[in-house]
Amino acid sequence: MLFGREDIRRRIEELGRTITGDYEGREPVLISVLKGGTVFLADLIREIPLPLRVDFMSISSYGRAAESMGRVRILKDLDEDIGGQHVIVVEDIVDTGLTLSYLLSVLESRGPASLEVCTLLDRSARRIAPLSLRYVGFDCPDVFVVGYGLDVGGRYRNLPDILAVEDQAAVTADPAALLPFLDPGAGR
Ligand code: IMP
């Protein structure tokens, strides 16, 4: 276990307090990128007692070659115009940063009043695209992680804790390998 549910809860409380202080008197729009960021978003917004709105985007990369250029396709765009709005992009993990840097350039072109990033995990060791991340939950070591919104092949987003997967190939080959961790008693 890399980050347990209690550590996550406490850190989100702190992030919420900081964001609340920074955005007092404003009405931020928190944008989550489907699907990984949704669990974090759901907990984070309940620690920000300000009038705020949420919106969602869904993106997919164009494939391996294009992915390395950070090109993504927008599968679902925002419902609302963000022109003149104070926008916070809420991410599960920033890895190479390629996806996020493309997304930020798209959002920036729409003229928000401000644009910041709040990520639960920052795996800066693998960063390719330089990014400034205003709010970071935890620095993440260079291991594949799963749980609390993060998936392997679509599974395990509902794990309350964040686990480091030592043998990613084994879990990809046997998707049931982490099932015991879904036991409500596991990790407590
Ligand atoms: P980036 O463009 O390389 O920064 O990719 C970021 C996205 O890849 C995240 O939003 C996640 O959806 C996914 N991702 C990166 N690392 C992990 C991981 O360790 N576990 C699960 N998903 C990951």
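Computed over heavy atoms, backbone and side chain alike; hydrogens, waters and symmetry mates excluded. Counting starts at 1 for both ligands and their atoms, in listed order.
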Salt-bridge criterion met for Arg127 and Asp95 (N-O under 4.0 Å):
no

Looking at ligand 1, does any of its N/O atoms fall within less than 3.5 Å of an N/O of Val143?
no

Checking Gln85 against Arg53 for the side-chain contact (heavy atoms from CB on, under 4.5 Å) test, could you report, in this order, the C-alpha distance in whole Å, the side-chain angles of both residues, the deciding distance, and whether it holds?
CA-CA 10 Å; Gln85 301 294 316; Arg53 288 179 296 133; 3.0 Å; yes

In the protein, what heavy atom is nearest to atom 18 (C) of ligand 1, and what distance, to one decimal place, separates them?
Phe144 CE1, 3.4 Å

Show which atoms of ligand 1 fall inside a sub-4.0 Å distance from at least one heavy-atom site of Asp151.
21 (C)

Using every non-hydrogen atom in the two residues, find where Arg123 and Asp142 come nearest and quote the distance to one decimal.
CD-CA, 3.7 Å

Hydrogens and angles aside, do Tyr148 and Asn158 bring a side-chain donor and acceptor to less than 3.5 Å of each other?
no

When you measure from the heavy atoms of Gly97 to every atom of ligand 1, does any distance fall below 4.0 Å?
yes

What is the nearest protein non-hydrogen atom to atom 5 (O) of ligand 1, stated with its residue, atom name and distance?
Thr99 OG1, 3.7 Å

Per-atom filter on ligand 1: closer than 4.0 angstrom to a heavy atom of Asp92 are 9 (C), 10 (O), 11 (C), 12 (O)

Point-to-point distance, once rounded to the nearest 0.5 Å, from CG of Asp122 to OH of Tyr135:
15.5 Å

Give the C-alpha distance, both sets of side-chain angles, the deciding distance and a yes or no for side-chain contact (heavy atoms from CB on, under 4.5 Å) between Val165 and Val146.
CA-CA 7 Å; Val165 177; Val146 67; 3.6 Å; yes

Provide, to 0.1 Å, the distance between atom 22 (N) of ligand 1 and the closest protein heavy atom, together with that atom's residue and name.
Leu150 CD2, 3.7 Å

What protein heavy atom lies closest to atom 3 (O) of ligand 1? Include the residue and the distance to one decimal.
Thr96 OG1, 2.5 Å

For ligand 1, which part of Arg126 has a heavy atom less than 4.0 Å away: the side chain, the backbone, both, or neither?
neither

Are any non-hydrogen side-chain atoms of Val54 and Val29 less than 4.5 angstrom apart?
no

Distance under 4.0 Å to a non-hydrogen atom of Glu91: what atoms of ligand 1 satisfy this?
10 (O)

Check ion pair Glu14-Arg11 (N to O, under 4.0 angstrom):
yes

Value rounded to 0.5 Å, distance of OH in Tyr156 from CG in Asp161
14.5 Å

Show which atoms of ligand 1 fall inside a sub-4.0 Å distance from at least one heavy-atom site of Arg123.
15 (C), 16 (N), 17 (C), 18 (C), 19 (O)

So which bit of Val33 gets within less than 4.0 Å of ligand 1, heavy atoms only: side chain, backbone, both or neither?
neither

Would a 4.0 Å cut-off, counted as strictly less than, catch a protein heavy atom around atom 8 (O) of ligand 1?
no

Compute the shortest N/O to N/O distance between Val145 and ligand 1 and return yes if it is under 3.5 Å, no if not.
yes

Taking the minimum heavy-atom distance to atom 15 (C) of ligand 1, which of Ile93, Asp122, Val152 ranks first?
Ile93

Taking the side chain as every heavy atom from C-beta outward, state whether Leu121 and Phe3 have any atom pair closer than 4.5 Å.
yes

